[in-house]
Amino acid sequence: MTGQAHARITVHAGEADRADGRFLADALLDRFDDAALDCAVLLRCTSGFGVRSGLRTDQLLTLSIDLPILAIGMGERTLVDSLAASIEDLGPVGLVTIEPLIWDGEWSASPNSAVISSAALVGQEQRLTVVVGSKPKVDGISPHVAIVDALRQAGIAGATALCGVDGLRAGKRLRASIMAPTAEVPVVIISFGSTEAIRAASDQIKTSAPGAVLSYGPVTVCKRDGQLLEPPPSTSTWQRLSVYHGEQSRSRGRSLSAQLIPTLRGAGVAGATSLRGIWGYHGDHTPHGDRLLSLRRRVPVMTTVVERGDGIAAAWDVIDDFTDESGLVTSEPLETVRSRAGHR
Amino acid sequence: MGALVWAGVAALGGAGALARFWFDGALSQRTGGAFPYGTLAVNLTGAFALGALSVLTDSHTLLLLIGGGFLGSYTTFSTWMFETERLGEQGRTAALALNLFIPLACGLAAAALGRVIGQAL
């Protein structure tokens, strides 16, 4: 229902963590399902570190044993709040963040007229988050490829599609499994742009991608293609500072996908994660993903820091340094952050 | 070879892998993960140890237990190749070349050094 206030909850954990006698990831998604959230995605990170956990990366065998995971849920505010309280008893859960969300619902093949009034989207720039299932293909094109194309046609500067391994949509559990490798899984497409461009893109997506779930949030775009637009707000409130780059992105010869996470850790930032997307584009490049016989991977990468105050300043110094040639840097406010390290 | 020796190989093989995970993991945490120093370290120390062992003992039981069992699991070829391939995926051609050449060159030197030290003892 789009009338009620909605929120997004993000839970950080390790993929090997266990609770309730099974994997914590499974327990979390079950709790999201029981809480009647509208939508959820479980994302597997490629590298990261936290207050309680050391460096983990899929570049090295010994550090890839327990990669970070993000369980993201979206639903009515009251349900999200009670869910957050209910997972306090799940021992190994790490950082939990909550942020308000402007919900545009799930669109069927014959959408109603615009449900969101223009007043609901405040600010000059918006983040648009679209969640779709990986199936069915329409005319041989996957839903996320069609949505990324729609965003590009609407003039949006960049979009990243991330593939989940588990999730919820319209009450249905979408889960990858070894025994059913072609099962439907959720795909999250994240993009940023001016409020008008995002609205136009959303209208296009609603007509071309039935079943897509859309939501919006406030964002400050800090840097784009090496140009500083606006530094992140240096307040004592929590922020999510994200860098959207590519597997091959470089800064003065340094590989962002290899060195951004270790450098953030060395700078004393409390935590960060990196996720590899499956499809996306930035700037003038055509949308791309991996090709079958290519050793070099050409996928988008999203690196995210959750911090505040001095931590954001330290993270920004590193990120600003690494994005002198390319990359999109955004800052989004977080309302509630609960960390096992004790600070709130 | 008795069943006891083969049981010993199995046990020392397990111990070797655990030693590798501990040493490789600790070194990788410290060096930050951008280059596979951990795998390089276990392979060089393992080559040195095997070089020394081959000189220090005539007993083929000891060579089997410690050389084949422990050092065989302590060192790793598959991880070396896997981590090199990952450097290729990231397009880091110089790092890939270094990760092929340095373990080969330094590995030969380490094994030779092991033999020399072993002979001196």
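Chain A is the first sequence line, chain B the second, and so forth, proteins listed ahead of strands; every chain is numbered from 1.
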For the candidates B:A95, B:A94, B:G91, which exhibits the highest count of non-hydrogen atom pairs separated by less than 4.5 Å from chain A? B:G91
More than 12 non-hydrogen atoms from neighbouring residues, nucleotides or ligands closer than 6.0 Å to CG on B:L4, yes or no? no
Taking every heavy-atom pair that is under 4.5 Å apart, which of A:R265, A:R56, A:R298 has the most such pairs with chain B? A:R265
Is the closest side-chain heavy-atom distance between A:T62 and B:W22 below 4.5 Å? no
Which one, A:I261, A:L63, A:T57, leads in non-hydrogen pairs under 4.5 Å with chain B? A:L63
Taking all atoms of both residues into account, what is the closest heavy-atom pair of A:L60 and B:E83, and its distance? CA-OE2, 3.3 Å
Using every non-hydrogen atom in the two residues, find where A:E247 and B:Q90 come nearest and quote the distance to one decimal. OE2-CG, 3.4 Å
Evaluate B:T93 against A:R296 for side chain to side chain contact (heavy atoms under 4.5 Å, CB included), listing each step before the verdict. CA-CA 10 Å; B:T93 325; A:R296 289 181 194 223; 3.5 Å; yes
Of all heavy-atom pairs between B:R86 and A:D58, which one has the smallest distance, and what is that distance? NH2-OD1, 2.8 Å
A:R276 CZ: over 12 foreign heavy atoms closer than 6.0 Å: yes
With a 4.5 angstrom heavy-atom cut-off, could you sort out which part of B:F82 is near chain A: side chain, backbone, both or neither? side chain
Residue part contacting chain B, namely of A:R254, when any heavy atom lies under 4.5 Å: neither
Side-chain (B:Q29) to main-chain (A:L55) donor-acceptor, under 3.5 angstrom: yes
Do other residues, nucleotides or ligands put more than 12 heavy atoms under 6.0 Å from the CG atom of A:D310? no
Got a second to check how far A:S255's OG is from B:R92's CZ, nearest 0.5 Å? 5.5 Å
Residues A:P262 and B:G32: closest non-hydrogen pair is CG-O, 2.9 Å
Under 4.5 Å from any heavy atom of chain A, what part of B:T84 do you find: side chain, backbone, both or neither? neither
Return a table of donor-acceptor pairs under 3.5 angstrom between the side chains of residues 40-50 of chain B and protein atoms on other chains or two or more places apart.
from, atom 1, to, atom 2, distance (Å)
B:N43, OD1, B:T76, N, 2.8
B:N43, ND2, B:T76, O, 3.0
B:T45, OG1, B:A41, O, 2.8
B:T45, OG1, B:V42, O, 3.2
B:T45, OG1, B:Y74, OH, 2.8

For A:Q59 and B:G33, which heavy atoms make the closest approach, and how far apart are they? NE2-O, 3.1 Å
Provide the closest heavy-atom pair for A:A258 versus B:A34 in the form atom of the first, atom of the second, distance. O-CB, 4.1 Å
